[in-house]
Amino acid sequence: MGSMVITKLAPAGTHIQKGDILVEFDPQAQTKDYLDKKSAYENLVGQVAQKQAEENIARAKDDTAMKQAEDEFKRSQLELQRNEVVSRIDAEKNQEALDEAEATLKQLKETYQLKRAAAAANIRIQEIQRDRAMEAMRYAQGNAAKMVVHSPMPGVVVYNTIWLGGRMGTVQQGDQVRPGVPFLQVVDPSQMEVRVELNQVDLLKVHSGLQARMHLDAYPGMTLPATLEELSPLGHTGQFSEAVRSFTARFSIQGTDPRLLPDLSAALGLDLGSQKNALVVPWQSIGSEADHSFVWLKTTVGFEKRTVQTGPRNDLDVVVNSGLSEGDSIRRAAIEEQTGMARQ
């Protein structure tokens, strides 16, 4: 069937219950199809009744002809018994009449069942066509009833962005949609997920069960905890470079909020680990030499090389476990004459 016209639509963001109406389509086309199928069905019902009536008339005629043939055969038998007292010519006529009556009766008996079987077959053909028309009528009637769609579950109404007559957008009352196009969905806001793209550089830093904080661009002050549930094992081409791969990660949101709706843009802050009361310096300040790390420590006469023992690091800072104290001044870059300060 062609496009369907929306006559009633649940507003986006509406909290609905199971069984509430989501959308209604104009049922005129389906109703017309149902009426056409119903007319064809009723016509075939009449044809079956007509065939049955014709068969009843034909059966009655055949029964009458059979009865007449039996009576004629019995009469011929009685006439044959008078052959001893009639002339030879009349006797031969009586014998011929008996033979003819017997042949006629035999023929009627043989063709009687054949006629009944042929008539039953014709009626059965009409009945099969009638039954098919009835199923088509019921199917069309079911299609007309399906023009009203009810929600299968409680949740929130969310519109999908689809192609609408030369533009991308969401449907409105009066729009036409093609069968098979998902333009609306019902989601359970108590079980929401976030799908994000991870750079291949960060892939080894994350693992299943990793905790994160979700921030919504639409509501800057709103944060919710999230847990990494699934990480794609295969990467795909990144947005900015074909050489850098991206991996899809799925986080489940812990908790809910009335403002939390599908299709909102979100950002996730991942907790890759933390260390309290740690002395950190810019990672550019750490140099490597042989099997140890060093920094350039500022003294009263200039800078001297100081061996340090480092710990965990991130993209910006590195933990210094020993070799420096809080407040020491060091070069910000191990190879440049810039200074920085260790901090707690």
Side-chain angles (χ1 to χ4, degrees), residues 13 15 153-156 158 160-161 182 185-288 293 295 308-324 326 332 334 340 342-344:
H15 289 265
M153 56 176 282
V156 178
V158 178
N160 295 345
T161 301
Q185 57 182 317
V186 179
V187 299
D188 183 2
S190 64
Q191 299 179 356
M192 301 288 285
E193 296 179 345
V194 180
R195 294 184 180 273
V196 298
E197 298 294 327
L198 291 178
N199 191 286
Q200 66 180 30
V201 177
D202 302 322
L203 184 62
L204 298 179
K205 302 176 185 178
V206 299
H207 56 83
S208 179
L210 183 67
Q211 299 300 311
R213 301 293 297 180
M214 184 196 68
H215 307 271
L216 295 177
D217 296 339
Y219 306 103
M222 175 182 168
T223 60
L224 288 173
T227 303
L228 178 59
E229 301 290 346
E230 184 181 5
L231 182 62
S232 173
L234 299 177
H236 54 272
T237 304
Q239 182 177 2
F240 302 104
S241 173
E242 295 184 358
V244 179
R245 314 295 288 181
S246 295
F247 294 80
T248 302
R250 179 174 62 86
F251 288 81
S252 62
I253 301 175
Q254 311 300 318
T256 184
D257 190 282
R259 298 168 293 178
L260 186 60
L261 296 175
D263 296 333
L264 293 177
S265 58
L268 289 175
L270 305 182
D271 184 5
L272 300 179
S274 60
Q275 186 173 342
K276 295 182 179 180
N277 299 322
L279 187 68
V280 296
V281 299
W283 68 267
Q284 298 97 329
S285 302
I286 303 296
S288 297
S293 299
V295 298
V308 295
Q309 183 180 0
T310 59
R313 56 159 293 183
N314 57 22
D315 294 338
L316 301 177
D317 300 318
V318 59
V319 175
V320 176
N321 293 328
S322 63
L324 288 178
E326 183 180 0
R332 179 172 295 274
R343 64 185 186 278
Q344 191 74 12

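None of these values were measured; they are calculated from a predicted model.
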Does Arg195 CZ have over 12 foreign heavy atoms under 6.0 Å away?
no
Between [X] and [Y], what is the shortest heavy-atom contact and its length?
X      : Y      : answer
Ala266 : Val194 : CB-CG1, 4.5 Å
Ala278 : Val319 : CB-CG1, 4.0 Å
Asp317 : Pro282 : OD1-CA, 3.9 Å
Asp217 : Ser265 : OD2-OG, 2.9 Å
Leu270 : Ala212 : CD2-CB, 3.5 Å
Leu268 : Ala226 : CD2-CB, 4.2 Å

Any donor-acceptor N or O pair under 3.5 Å, side chains Glu229, Thr227:
no
Atom [atom1] in [X], atom [atom2] in [Y]: separation rounded to 0.5 Å?
X      : Y      : atom1 : atom2 : result
Met192 : Phe251 : CE    : CZ    : 16.0 Å
Thr310 : Leu279 : OG1   : CG    : 12.0 Å
Leu260 : Ile253 : CG    : CD1   : 5.0 Å
Ile286 : Ser293 : CD1   : OG    : 6.5 Å
Tyr219 : Leu264 : OH    : CG    : 6.5 Å
Ser232 : Glu197 : OG    : CD    : 8.5 Å

Measuring only between side-chain heavy atoms, which start at C-beta, is Met222 closer than 4.5 Å to Leu224?
yes
Is the backbone of [Y] close enough, under 3.5 Å, to the side chain of [X] for a donor and an acceptor to pair up by distance?
X      : Y      : value
His236 : Ser246 : yes
Glu193 : Gln191 : no
Glu230 : Leu228 : no

Residues 198-205 side chain polar contacts: donor-acceptor under 3.5 Å, at least two apart:
residue, atom, partner, partner atom, Å
Asn199, OD1, Val201, N, 2.8
Gln200, OE1, Arg245, N, 3.0
Lys205, NZ, Asp315, OD1, 3.4

